[in-house]
Each structure stands twice: as structure tokens, then as C-alpha cells.
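Before any comments, here is the structure.
The figures here come from the full heavy-atom set of this structure, side chains too, leaving out hydrogens, waters and symmetry mates. A note on names: the letters A, B, ... follow the listed sequences, proteins ahead of strands, and every chain is numbered from 1.
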Amino acid sequence: MLTIKRFAAIPNGADLTGLYRNMAGDYPKFFKMDTACKLGFLLAEQLADEARFVPREDRAVLMFSTHGCLCNDRHYEETVQDFPSPSLFVYTLPNIITGEIAIRNKYEGETSAYVLDRFDPERFCSLIEQAFQDVVTRSAVCGWVECRADDDFTAFAFLVERGGNGKEFNAETIYGTVNQ
Amino acid sequence: MRIVCKGRSILTPLGTTVQENFDAVCRGDSALRRYEGMFGVKEPFVASLMDRKEWTREGHTFFDSLVIETARRAVEDAGIDPASPRTAFVLSTIKGNIELIGKQDVTLAASARTLTGAFGNPNPALVVSNACISGLAALLQGHRILCGGGFDHVVVVGCEVQSRFIVTGFQSLKALSEAPCKPFDVHRDGLNLGEAAAAVVLGFGEDGWELVDGAVRNDANHISGPSRTGEGSYKALRYVLRHISAGELAFVNVHGTSTLYNDEMESIAIDRAGLIGVPVNALKGVFGHTMGAAGILESILSMEAVDAGLVLPTRGFSELGVSRPVLVSAETRKTDKKAFIKLLSGFGGVNGALLFGKGGAGC
């Protein structure tokens, strides 16, 4: 059985730099990131437990969205005509958010990025359960980071683990937690 | 019951069937050529591109047309009902319709809707967009969906089309070679981009090619550079090697993008995983880097090779240019082994390995 160890959410339109200064403050790479990655980074900071910073293969990072990195894609496209920006281009991949979280925390397990039509707790839950078919995976940072624009987003994430004492991770508890 | 490949399809500039593409690889053909002014890109580049006029269907974009057509062919090959609620679709792509940004809805979610809509399938398609390992990750996802229950078949479709957006991006990173790429070669100096579409229908069965297992692992090191120790690739290899010994593998079909760092990293991972005695080959010199299609395209051609008792040649390779003595297969060679590993890695520090076997090999 999978259970919820922690949950984190960032309010739409929140001041991400302010959150970063309160939460981390010691990771200047944050300022290079696109908005989706900043959101993922800040969610993972809130979820972080004793298990971070030591390389570990048993923690996965699974991120979901509808828009992927389209917000940053628009910024990159604006540079293409004159001087294509390599630093923007590397953020035009929907999975970079998982890589940023893995690098920061030394999570060496699976990292996967998925695009769904909309947030559906049933589907979100079943895809995460399927990821735990990997027998090495013991816990996962599982997030929905929907970045429609730099100041318009929906961002929340669960730290899910095998066993554990938290609430069971299922569609009902996901729905209840997200909407509390 | 095993999870096996029931239908397959490949569309590339070299052929529109699996057989045509396999024959082209065996002959040593390549679709890589030099383009000047293509997509409005200022600098010339070498790539493997499809004929847009030939493949674009009315009412659909070039990308969506290729996705639907390759899925249709794989579904026909498998003889399954694509509209059945017990059939799921997984789409693998990195950038989808990005060339149309600002002109229409270019979300990957929109392409997923178009795909299932074309077949009247009631399940929303899942998009796996995991950088250059997307195709491999999508096949693994298909395996997991079937293991999870509720479905009889999963149609896994991979596709990438090129555009100014992607080409200028790789140029800005100085990742492209000005010549056809040279995987694992001492003179390698970058990759070439490619367009392709490929699909596999996975289902339950006893016969045919089994997708045994797979794993995805992160280097947790750098977002755009591979690990110097091959960490993620090594760990992904180690995971699938729980099922098989090195001596049972016909080959490892590697990523082999022909960038300095990728090929070096793969050689380290292969050595660390105890696979230094296993033949290694790469297909990027034939098709270029087809991104979201690569994992599926290269897996299908590897199955064909084992069926023919062959290790395919590595076009572009002549002299080993990595630090570990990997057995790069320069020319076609014979094999009597019945299993292989597909290896990929990509931006975001992501790496993946899949194990395929036939006749119980590797199970």
C-alpha cells in the first residue's frame, strides 16, 4: 500500500523568489530556472525529509501537467530569430523539472514527466501506483505543476511512500488533500 | 503470461515498413543530408528529414499525421481493435507540434486527444515526455499499464518532427555536427537531428518478442550534461541485468548520439555494468537523433536484427574514441543470442534501459 507522507502546495500567483528566500536561500541555480522548475523546486523543498542530500536510488520524482514547459517555450521562441538562447532552450523539455529536483536533493531513482489532458485524481493515482512496479522505488515526489503563465499556475505535490503511517494514497485522499 | 510486441510500424525517410528500414540499415544506407536555409535556420545543418507533403493529411498537422499513420499501421499489424475501451494509447514525443507555437494549441495533451480521437478510442492518451529517453520510457509505461490491469493492449507511439525551434536550440548548445555523426568514434563531434515515427502494440502472450523489464534512473548531476561516472545508465543497466547474464545478450543498442560526453558516459556505464564483452551498436548514423521516436524505432530494428541472427552495423564509426574498450560493432556480425538491451539517456540527467528477449531468453 502507498501512503501520503507529506503534501505541499503553492498558491497561484505566489512570489516565488520570496518563497525561495524563506525556504532555501542557498541555491543560486534557482534563478536560472524557468517558472515550472522553480515551482517544482519549491514543492520539493517543502516535502524534503531526512532522506535528502545523500545519493539514493529508492526515491523517484514523477511530475505531471497539461502545459508542460510551454510557458518557457514561448520565451525561447522569442529569442530564436536573433540569438537563440541556450540557457532558455534547456528548459524547453517537460522533464527538466524532475532533473532539477533530482540534482538538488540527490534523488537518483526514476525521474519521469507525463502530460495529461487535465488533473484527474484517479489517473494521477494509478500512474503513480504503476511507477512503484519498479521494485527499487520506495518513495516518490509526485507533483502536478501546471504553469499556464509565469504568474498563473497550479502547483502541488505529494511525498508518497510504500507502507508508512500516513493516509492511504488513493483518488479520494488525493482529492480531499488537494481541495482542503 | 508475458508482455509481448504484437504489432510494429516504422516511418522514416529510408522506408515506410519495418522491413524496408531494416534492409536499409543492413545495406549501410543513411538518410542524413545537409540542409541550407531549411525551416528558416541561418546556419546549415545535417539531418534526416521526411517529406512533409507526402505525409501531411488534410485537417492534421505534419506531426499529428505521422503519429496517426504509424499507429494505424501498428494496430493493423497487430490485428487489434483500437477503439476498444481495453486498448490504451501512450504517446512519446518531446516537442510535438512546437513548430506551430503561437499559431495553434501546441500542447502535447492536444496531440494526445487527436491521436485517440482518430481511432475513436474512449481513453485519454498518456503522453510520456522524458527528453531523449521518451520512447523507451513510453514502452516501459505500456508494460506497466498492462501489469496494472484493466487493459488488453497498449499502443505505444513515438514521433518527432524537426523545426526551427529545435534545430536552433541544439545549435545554440553547440551540440550538432556539421557532418554525418560518428557514434563512439575518435573523431565524433556532435549529433544530427532526425524525423521519424514508430509504434509498437504491446499485449499479453507467450510467443514473439517479450518486453521483459526496464528502469529509468537519474544521474542527479547536471541538467544538460551526462554524468562523468555513467551513474544513471549504470543503475538502469544493473536493474535489468537482474534478469539475465551478459553472456546471453546479443548486443546493447546504445544511444550513441556522437557527442563527446554522451558516448564516453555510455562506455563507462557499460563497463561498470560488466557488459564490456557484449557487442554494442548505435543507429544515429542512419536516422539521426529522432528524439521521441528513437527508443521505439531503435528497439524495433534491434528485434529484427536478432530475428535475422545479426548485430547491426554502427554507421559512422571507424576508430574507437571512448576511454573503455567497448565492442562497437562497426560491420554487421552474426549472433545466436536471443536477447538485447536498449539503452538511452537524455537532458534532465535521465537514463533508461529496457530488456527484450525471445523464446524465454532473459525471463
*Do any pairs count as a side chain to side chain donor-acceptor pair (under 3.5 Å) and have a residue in residues 29-43 of chain A, sequence neighbours left out, and if so which ones?*
A:Thr35-A:Asp150

*asked:* Quick check against the 3.5 Å criterion: does B:Asn130 have a side-chain atom that pairs as donor or acceptor with the backbone of A:Thr111?
replied: yes

*Has the side chain of A:Asn95 got a donor or acceptor atom that lies under 3.5 Å from a matching backbone atom of B:Phe347?*
yes

*Picking from B:Cys147, B:Pro124, B:Ala125, B:Ala215, which has the most non-hydrogen pairs under 4.5 angstrom with chain A?*
B:Pro124

*What pairs with A:Phe31 under ring pair (Phe, Tyr, Trp, His ring centres under 6.0 Å), at least two apart in sequence or on another chain?*
A:Tyr20

*Residue-level contacts of residues 158-166 of chain B with chain A, using a heavy-atom cutoff under 4.5 Å*: B:Arg164, B:Phe165, B:Ile166

*Neighbourhood of chain A inside residues 35-44 of chain B, taking heavy atoms under 4.5 Å as contact*: B:Lys42

Name the region of [X], side chain, backbone, both or neither, that has any atom closer than 4.5 Å to a heavy atom of chain A.
X        : result
B:Phe170 : both
B:Ala131 : both
B:Ile101 : side chain
B:Ile145 : both
B:Arg217 : both

*Salt-bridge test for A:Glu77 and B:Lys103: reply yes if a basic N is under 4.0 Å from a carboxylate O, no otherwise.*
no

*Does a side-chain N-to-carboxylate-O contact under 4.0 Å join A:Glu108 and B:Lys235?*
yes

